[in-house]
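Accompanying notes for the structure given below.
As the structure is a computational prediction, the values presented were derived from the model and not from experiment. Each chain gets a letter, A, B and so on, in the order its sequence line appears, and its residues count up from 1. Values below: all heavy atoms of this structure, side chains included; hydrogens, waters and symmetry mates excluded.
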Protein chains: 2
Amino acid sequence: MIQRLTEHDRENLQESLATSGQKVTAQREIVFAVLLAKRDHPTVEDVFQRARESMPGLSLATVYNCLETFVGCGLVRQVNHERESTRYCPNLAPHAHFRDEATGHVHDIELPPEIIQSLRSILPAGFNSETIEISFRGRSQETPPRSTSN
Amino acid sequence: MIQRLTEHDRENLQESLATSGQKVTAQREIVFAVLLAKRDHPTVEDVFQRARESMPGLSLATVYNCLETFVGCGLVRQVNHERESTRYCPNLAPHAHFRDEATGHVHDIELPPEIIQSLRSILPAGFNSETIEISFRGRSQETPPRSTSN
DNA sequence: CTTGCAAATTGGAATCATTCCAACTCATTC
DNA sequence: GAATGAGTTGGAATGATTCCAATTTGCAAG
Ligand SMILES: [Mn+2]
Ligand SMILES: [Mn+2]
Ligand SMILES: [Zn+2]
Ligand SMILES: [Zn+2]
């Protein structure tokens with residue numbers, strides 16, 4: 001259960017933080033590692049629980065801080081469904097989210113560029129959008145959980 | 001500023017409520033009228049303020065109740081952006097939302113059926129979605145506010 | 001008409017995710 | 001090894017929403 005980053009992921013973290021003038025800390029490493037280890041769109045509370053296993057003294061406030069920092073430097077995305085707790089996703093590829101109403105699980109849905117393009121094209125003149133968010137809600141026949149280690 | 005429903009809208013309200021075994025009340029009429037009068041995706045608080053002008057004794061709890069009832073019988077949609085207060089929209093046609101980051105205004109964006117179709121088609125086998133939500137975020141050159149009376 | 005009932009409304013308390021804050025810790029620089 | 005500034009921490013504050021118990025209302029039955 002101890003969270004460790006690969007060379008590559010650590011560098012990624014280091015550089016992304018550096019870009020916005022911030023540093024790698026033990027807490028940030030662990031929180032980031034937790035996100036990469038299990039890509040199930042955990043809530044802040046989920047991340048907190050998991051990270052605490054490696055760092056018992058970690059505070060909830062710090063988890064909030066780390067996640068906000070990561071969002072700020074583009075390392076992770078926030079995922080909201082209705083009014084539920086915000087979830088966090090380290091998948092940077094363009095994708096939509098599918099929320100299974102039965103299980104509460106959130107799945108990534110790949111977004112082909114042509115769909116994104118056609119969506120942009122429905123915006124009337126004068127509307128400039130930097131972000132498009134797409135979320136599905138329904139039921140799914142739970143995919144056999146393929147390994148999510150990183 | 002007094003909120004009144006047209007024959008047609010009142011019938012619509014009456015029938016939608018009846019379908020789920022509920023009745024028209026003075027409070028529900030006014031809340032519904034407020035939604036139709038200004039389709040700017042008001043928050044609960046917005047609706048509360050506006051409705052109070054016609055019915056000073058109306059309570060916030062009742063506004064929450066009415067809106068929940070309307071969502072339940074399909075008369076209005078909830079609109080969420082990030083973690084902001086939920087907004088309400090009486091436009092039942094399939095549409096996406098554009099949130100102007102400068103003004104906070106929310107605009108309806110028409111959704112052509114073929115786009116909806118292509119979105120459904122990106123779902124892997126086993127995923128059945130009843131609802132798709134699409135929201136844009138960005139800036140817009142504010143359209144001259146065309147009349148929104150009903 | 002009264003009376004009785006179920007649904008709806010109301011004001012205020014409770015919840016709960018998130019934000020705020022002031023004190024404390026740590027790494028780095030002088 | 002003192003000063004500095006970013007980062008962390010625990011707890012308080014916030015704010016939208018939900019919950020609840022006490023009325024009120026609209027009808028229906030007697
Ligand atoms: Mn989503
Ligand atoms: Mn939306
Ligand atoms: Zn994702
Ligand atoms: Zn709308």
Nucleotides 16-30 of chain C: protein proximity per nucleotide (B base, S sugar-phosphate only, - neither; heavy atom, under 4.0 Å) | -SBB-----------

Mind calculating the distance between CG (B:L17) and P (D:dG26) to the nearest angstrom?
-> 15 Å

Does B:E82 have any salt bridge (charged side-chain N to carboxylate O under 4.0 Å, His left out) partners at least two apart in sequence or in another chain, and if so, which?
-> B:R137

Phosphate contact (D:dT9 OP1 or OP2) by A:T62 side-chain N/O below 4.0 Å | yes

Nearest-angstrom distance from the residue atom CZ of B:F32 to P of C:dA8 = 17 Å

Does any N or O in the side chain of A:R28 come within less than 3.5 Å of the main-chain N or O of A:L13, such that one atom is a donor and the other an acceptor?
-> no

Under the 3.5 angstrom rule, does the side chain of B:T69 hit a backbone N or O of B:N65 as a donor-acceptor pair?
-> yes

Would you mind reading off the distance between A:R52 atom CZ and D:dT9 atom P, rounded to a whole angstrom?
-> 10 Å

Salt bridge flag under 4.0 Å for residues B:R99 and B:E84 | yes

Of B:V24 and A:C66, the one whose closest nucleotide on DNA chain D sits nearer the 5' end is A:C66

Report yes if at least one side-chain N or O of B:Q27 is closer than 4.0 Å to OP1 or OP2 of D:dT25; otherwise report no.
-> no

Aromatic rings A:F70 and A:F32: how do their planes relate, parallel, tilted or perpendicular, breaks at 30° and 60°?
-> perpendicular

Roughly how many Å is it from CD in B:E29 to P in D:dT25, rounded to a whole number?
-> 16 Å

Is A:E7 atom CD crowded by more than 12 heavy atoms from other residues, nucleotides or ligands, each under 6.0 Å away?
-> no

May I ask you to verify if any side-chain N or O of A:S59 is less than 4.0 angstrom from the OP1 or OP2 atom of D:dT9?
-> yes

Separation of B:F48 atom CZ from C:dT9 atom C1', in whole Å?
-> 12 Å

Write down the distance between CE (A:M55) and C1' (D:dT9), rounded to a whole number of angstrom.
-> 13 Å

In whole angstrom, give the distance that lies between atom CD of B:Q22 and atom C1' of C:dA6.
-> 13 Å

May I ask you to decide whether A:R50 forms a salt bridge with A:D40, counting only side-chain N to carboxylate O separations under 4.0 Å?
-> yes

Closest nucleotide among C:dA8, D:dT9, C:dT10 to the B:R28 side chain = C:dA8

